[in-house]
Amino acid sequence: MISPAGSELESLLANYQSGTHQLAYDHDLGAWVGQIGQQFAGRFSIIQTTYPRLDPAVHYAIFAARKAVEAANWGKKIKDYGILIGSSRGATHLWEMAHDRWLETGKLSPRTSPTTTLGNISSWVGQDLGQMGFLSSHSVTCSTAAHALVQGAAWLRAGMAQRMLIGGAEAPLTDFTLAQMKTLRIYSQSGPSSKWPCRPMAKNDATGMVLAEGAGILAMEAGDAVQAKAFVIGIGYGQELLNSPTGIDPMGTGIAQAMQMALDDAELEGVDLVVTHAPGTKKGDAAEWHALRTVFGDRMPCIANTKWLQGHGLGASAAWSMALGMAAMQSGTSLRTLPYLDSGRQIQNKPEKIETVLINAMGFGGNCVSIILAAPSQL
């Protein structure tokens with residue numbers, strides 16, 4: 001991955017356990033955001049120099065995809081894997097720059113269309129890796145990376161592939177994108193001096209969401225991979241019936257359905273940890289909390305969340321949540337509680353060791369996905 005909290009599972013976990021967020025107040029944008037730090041400048045500049053005409057979202061995807069393939073030991077000789085990498089917003093920077101130029105001059109570069117299509121992400125990842133298998137890009141708003149895993153698992157279970165590279169990439173930190181979120185009244189209005197600009201699952205103290213840039217890519221294999229960091233043992237999905245494009249079911253029926261389906265698929269009654277989708281919005285967080293109570297009742301697992309730490313990566317966010325779950329399983333210790341909460345939703349069980357993790361993802365349009373990962377030691 002490449003994210004405001006780092007590019008390794010170890011750095012993500014260390015930043016999480018420190019209880020100090022990695023968000024920054026951008027005075028030009030007039031908002032809190034999750035930005036890619038200078039620690040990536042050297043390695044990332046090589047990708048930018050190699051592909052100067054591509055959007056940052058594609059650069060982030062290439063960076064993370066290279067890391068995933070290297071970690072999986074696929075090497076340069078393996079060319080048969082599929083690629084399913086999506087995005088909520090796509091080539092945001094290039095699209096807005098091209099539109100501004102068109103309004104000012106009436107002219108466009110001939111590269112505008114091919115470099116701003118959604119398929120541009122997986123296509124260039126495939127080009128960079130020299131991959132010859134099936135590839136596709138998709139957008140299912142904020143649950144995009146989770147949907148990529150569902151589709152990747154389907155390919156593997158069907159025997160249509162033995163390896164899949166899946167995930168999401170996002171570069172949404174532009175004036176126009178932030179203006180859209182602010183117009184919805186779901187963006188954090190915290191000022192520059194705020195200690196906690198984003199507080200997911202904070203009941204009546206919700207601040208709103210904070211957007212972040214980056215990518216999260218996972219290498220998936222069928223069978224018992226020796227180097228596996230986790231196994232996918234449960235998949236669930238649900239769809240809420242909405243009355244408006246921005247609505248949400250206050251009872252959380254869709255995500256409750258997805259969680260129960262994933263538990264049934266894994267043949268489990270509970271898990272050690274839930275990494276919530278909760279973006280820090282009052283209605284969205286409340287709906288997910290109600291769904292958790294519906295599914296788990298008094299057996300509430302330990303609750304975690306990445307968005308207070310590094311922001312909402314939209315299409316990449318579910319991959320970051322999966323990364324936190326894998327990091328927690330590898331560490332052999334429990335995660336700290338959400339550092340800004342003193343009571344209320346802080347009530348949870350804290351297992352000494354995390355061996356099963358449920359990851360939630362929700363998006364505009366009422367789509368919901370739940371994934372259950374298990375530590376290799378459990379299988």
**Q** Check this for me: K79, atom NZ, are more than 12 non-hydrogen atoms of other residues, nucleotides or ligands nearer than 6.0 Å?
**A** yes
**Q** Can you name the side-chain contact (heavy atoms from CB on, under 4.5 Å) partners of W95, sequence neighbours left out?
**A** T116
**Q** For W196 and Y340, take the angle between the two ring planes, folded into 0 to 90°, and tell me which bin it lands in: parallel under 30, tilted 30 to 60, perpendicular over 60.
**A** tilted
**Q** Quick check on Q189: does its CD atom have over 12 non-hydrogen neighbours (other residues, nucleotides or ligands) under 6.0 Å away?
**A** no
**Q** More than 12 foreign heavy atoms under 6.0 Å from CG of L103: is that the case here?
**A** yes
**Q** Could you check whether the rings of H99 and W102 sit parallel, tilted or perpendicular, using 30° and 60° as the cut-offs?
**A** tilted
**Q** How would you list, by chain and number, every residue that makes a side chain to side chain donor-acceptor pair (under 3.5 Å) with S370, sequence neighbours excluded?
**A** N360
**Q** A quick test of your reading: do over 12 heavy atoms of other residues, nucleotides or ligands sit less than 6.0 Å from CD of E269?
**A** no
**Q** Would you mind telling me which of I359, V357, L263 makes a side-chain contact (heavy atoms from CB on, under 4.5 Å) with V271?
**A** L263
**Q** As a test of understanding, state which of Q131, E221, M220 forms a side-chain contact (heavy atoms from CB on, under 4.5 Å) with R163.
**A** E221
**Q** Check whether more than 12 heavy atoms from other residues, nucleotides or ligands sit under 6.0 Å from atom CZ of F296, and answer yes or no.
**A** yes
**Q** Under the salt bridge (Lys or Arg N to Asp or Glu O under 4.0 Å) rule, collect the residues that match up with R66, sequence neighbours excluded.
**A** D128
